[in-house]
Engineer: 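The structure follows.
No hydrogens, no waters, no symmetry mates; every other heavy atom, side chains included, goes into these values. Every chain is numbered from 1, with letters handed out A, B, ... down the list of sequences.
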There are 2 protein chains.
Amino acid sequence: MARVLATGSGVVLDLIRTGRARTRTDLIEHLGWSRITLARRLDELLDASIIVSAGQLDSRGGRPPEEFVVNKDAGLLLSFDIGRSHTRLGLTDLASTVLIEDEADIGFQDGPTEIFEWAPQVVDYMLAKIGRRRADIHGVGVGVPGPVDALTGRLAAPQPDERWQGLALPDLVKHHFPVVCAMDRDVNIMAVAESRLGWPEYHDLVILKVGLGVSCALVLDGRIYRGSRGGAGDLSHPLRTAGEPRTLEAEASGAMIRRALVAKGHRIRTSADIVSLAASGNTDALHLLATAGRTIGDAIVGIVAMLNPEAVVVGGNLAEADRPFLSEVRAAILGGVPDFARTGLVVEPARLGGKAGVIGASLIAQDALFEPDRISHLTRSKR
Amino acid sequence: MARVLATGSGVVLDLIRTGRARTRTDLIEHLGWSRITLARRLDELLDASIIVSAGQLDSRGGRPPEEFVVNKDAGLLLSFDIGRSHTRLGLTDLASTVLIEDEADIGFQDGPTEIFEWAPQVVDYMLAKIGRRRADIHGVGVGVPGPVDALTGRLAAPQPDERWQGLALPDLVKHHFPVVCAMDRDVNIMAVAESRLGWPEYHDLVILKVGLGVSCALVLDGRIYRGSRGGAGDLSHPLRTAGEPRTLEAEASGAMIRRALVAKGHRIRTSADIVSLAASGNTDALHLLATAGRTIGDAIVGIVAMLNPEAVVVGGNLAEADRPFLSEVRAAILGGVPDFARTGLVVEPARLGGKAGVIGASLIAQDALFEPDRISHLTRSKR
DNA sequence: TGACTTTTGTATATCTATATATAAAAGTGA
DNA sequence: TCACTTTTATATATAGATATACAAAAGTCA
């Protein structure tokens, strides 16, 4: 019985905040409503201070159009980008611009209890630094390093760590921050940020995240594809190599490179250390990065050929090593894909760099907060 | 300016013909409209004879609900399932039930001119046999063995045969049958039929079509995924085998089996001949089918692991050979996919068998004919 | 400056969808 | 048979969206 509000203010806000339409004329064009109806919905959003005018755009021969944007300063969004051993926290405005960030070597491997004892303190510290309070936080977005059941918000099985098994993380978050909370796999969150802000002109992307682990997300027809049980993008099937089958993680991840470098006496803790070592010209690191790049590229050639995306976007710390890592990934993919799929295909580093996780988490929090039906009902009841 | 008719009769018809809702109560539930509005739209469709009552369903404790269906006898749809060397034609009613079919060993390799000199004669013959006329044909659906640019309706490059290069096939069809015409790649059309009629309970499918050639389609989130330039499902990238790289077509298609059997002195023309020979117990055929099955299964393990579908559906003539062909495909996939993707996954033969092409072509013709906006405007202008 | 364009606002009449109430139709089950 | 349910129809009043017309604002361009 969910009444569909065909002309609710929520869809107007959705067009404005995603940038698909920001002037009256564009909004009318997109929505097919009458000018009067749109004006009413805009008034509702303006009255509720959800949007504000951003001034006038350049004239196109007549009166210049007025641009509307979300009232980004009306509140904050809180981002968690939880990695295996490293976590980033961020506070953004309602347009997902990062205001302040913090990070620490704590992560999934330390368990939920530890993380959620540590995180609220950091949040309070960050809030103090920008002169805001907890009550200013309107939504939370969380990225976790593993599949998530989108329906229930629980972590999908199997978790390598039983402390996380079947955990309803949003409930845990709400205990500390009682606002709307959205959650997804870390690489999916990176994909949201990259596809919406980094590559808005593209609709079909293969996203790779290569740090200590290797993971993958798919943006198909402009939307994150998750598969039947949230398992899409899984890279854990055995590689087709000579000798006994091994997974990509074992064969070509940052973790594997770290092991090899540590064995040679280098001091490596994070994937960023690997990139630094390579940048200093260390031949061991350079060689290992090149080999890993080629292995990863080879491993996803089949997917790229099959899905015919417009771009393969490589993020994560290792992607910072353009050469030799990324260049080898690129060479392997472009060299292995048939002509048809290669035409127009680019293999590029993530455009948002290391901030993609925090920004993506903020974006899904934004989506949850500004969900069209919620907004429509909100502005209706205010009248 | 495309005015969106939020409460047009087109969306009502769409729910009815796709079977998502066929009673007043169900339609109201799906649409969120008031009872009165829905009644008006139903009256419009009934007045225009686009739908008819199908009588009453069983009571659920009160007055039994009335069921509505498309007036399937109001016209015909014409289906082309053009293969490389073999083509099927079919006439269906407006609900895509096949009324009559015909086929011949003529196909893509013979060129467009030849096909469209031959086809109209067969159509007239079929029409005569069921006592209908050309004017009864309301829409045409065409399947072709190669990528199609969905926007322009042209065959996507590169075509192996220059007679088809960049050809606007719908224009050619309209010259003979001046009605709405829809067109897609053959395996996509099979996928439409299988996913909508064969596997309506599933949303994510990998569809394989194995005859003389091997091709693949993807149904993701319930929709055909085509890739950035219609190239999704391409299987032409080199296999990762020992020795020099070869494509799946060269390694494990019906064409390859035919070559091998012909070399051994068997008389094989079509992929159906291969299956017959195997059914008669011929060990050469059985062995070749088993090997091909395993090779194909191995080749798509990566895709299946990556996309996490609910089913892999295998169609085309070779799929008729459950054993040893299909069983080997199944064994290779289920054996190669990691635990997470294997859970709940089935590898099954196409449920519509050889009719999938003709039915699928009819379905996309139906989609074009009953496109919501067209219908809405149609019933409006009639008042 | 003055003619023109595009954008925006406002008021009125009209159209459309909905809510509400009442009732009838057509079944089930005691 | 009778009370009950679900489904369907109809009428009236109300709410909401649109069309239309007119006007003003704010720019461009000759």
Engineer: Does B:Q56 place a side-chain N or O at less than 4.0 Å from the phosphate oxygens OP1/OP2 of C:dA26?
Structural biologist: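 Checking C:dA26 against B:Q56, no side-chain N or O comes under 4.0 Å of OP1 or OP2.
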Engineer: Give the rounded distance in Å between these two atoms: CG of B:L31 and P of C:dT16.
Structural biologist: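 B:L31 atom CG is separated from C:dT16 atom P by 19 Å.
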Engineer: For A:I28 and D:dT18, what is the distance between atoms CD1 and C1' respectively, to the nearest whole Å?
Structural biologist: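 Answer to the nearest Å: 12 Å.
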Engineer: For A:L369, does its backbone N or O pair with a side-chain atom of A:R374 as donor and acceptor, under 3.5 Å?
Structural biologist: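 Confirmed, A:R374 side chain pairs with A:L369 backbone.
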Engineer: To the nearest Å, how far apart are A:R22 CZ and C:dT7 P?
Structural biologist: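 A:R22 atom CZ is separated from C:dT7 atom P by 18 Å.
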Engineer: In whole angstrom, what separates B:I36's CD1 from C:dT20's P?
Structural biologist: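 Nearest whole value for this atom pair: 11 Å.
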Engineer: In whole angstroms, how far is the C1' atom of D:dT18 from the CZ atom of A:R40?
Structural biologist: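 Distance check: A:R40 CZ to D:dT18 C1' gives 10 Å.
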Engineer: For C:dT8, take OP1 and OP2 only and decide whether either is under 4.0 Å from a side-chain N or O of A:T25.
Structural biologist: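 So the side chain of A:T25 is within the cut-off, an N or O lying under 4.0 Å from OP1 or OP2 of C:dT8.
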Engineer: If every non-hydrogen atom of A:R133 is compared with every non-hydrogen atom of A:L127, which pair is closest and at what distance?
Structural biologist: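 Closest pair (atom of A:R133, atom of A:L127, distance): O-CD2, 3.7 Å.
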Engineer: Any side-chain N or O of B:R24 under 4.0 Å from OP1/OP2 of D:dT8?
Structural biologist: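 So the side chain of B:R24 is within the cut-off, an N or O lying under 4.0 Å from OP1 or OP2 of D:dT8.
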Engineer: Of the options D:dG27, C:dA26, C:dA19, whose atoms approach the side-chain atoms of B:S34 most closely?
Structural biologist: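 Nucleotide nearest to B:S34's side chain: C:dA19.
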Engineer: I'd like to know if A:D367 and A:R17 make a salt bridge, using a cut-off of under 4.0 Å between side-chain N and carboxylate O.
Structural biologist: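 Between A:R17 and A:D367 there is a salt bridge, with a charged N closer than 4.0 Å to a carboxylate O.
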Engineer: For B:G10 and B:S376, which heavy atoms make the closest approach, and how far apart are they?
Structural biologist: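 In this case the closest contact between B:G10 and B:S376 is N-OG, 3.0 Å.
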Engineer: Do any side-chain nitrogens or oxygens of A:T37 fall under 4.0 Å of OP1 or OP2 in D:dA17?
Structural biologist: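 Answer no for this pair, as no side-chain N or O of A:T37 is under 4.0 Å from OP1 or OP2.
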Engineer: Looking at D:dA25, I'd like to know if its phosphate oxygens (OP1 or OP2) sit under 4.0 Å from a side-chain N or O belonging to A:R63.
Structural biologist: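 Negative; the distance criterion is not met.
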Engineer: Measure the distance from CG on B:L38 to P on D:dT8 and round it to the nearest whole Å.
Structural biologist: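 Taking CG of B:L38 and P of D:dT8, I get 10 Å after rounding.
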Engineer: Within this structure, what is the CG-to-P distance between A:D43 and C:dT8, rounded to whole angstrom?
Structural biologist: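 Between P of C:dT8 and CG of A:D43: 13 Å.
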Engineer: Assign B:T23 to base, sugar-phosphate, or nothing according to its heavy-atom contacts below 4.0 angstrom with the strands shown.
Structural biologist: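 Result for B:T23 = nothing.
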Engineer: Please state how far atom CG in A:D26 lies from atom C1' in C:dT7, giving the value in whole angstrom units.
Structural biologist: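 One finds 12 Å between C1' of C:dT7 and CG of A:D26, rounded.
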Engineer: Looking only at the side chain of B:S59 (C-beta and beyond, no hydrogens), which of the listed nucleotides D:dA19, C:dG27, C:dT7 gets closest?
Structural biologist: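 For the B:S59 side chain, the nearest candidate turns out to be C:dG27.
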Engineer: Is B:V140 close to B:V180 at the side-chain level, that is, under 4.5 Å between some pair of heavy atoms?
Structural biologist: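 Sidechains of B:V140 and B:V180: no contact.
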Engineer: Measuring from the side chain of B:R41 (C-beta onward, heavy atoms only), which nucleotide among C:dA17, D:dT20, C:dA26 has the closest atom?
Structural biologist: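 Of the candidates, C:dA17 comes closest.
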Engineer: Is there a donor and acceptor pair closer than 3.5 Å between the side chain of A:R35 and the base of C:dG9?
Structural biologist: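 For A:R35, whose side chain was compared with the base of C:dG9, there is a donor-acceptor pair (under 3.5 Å).
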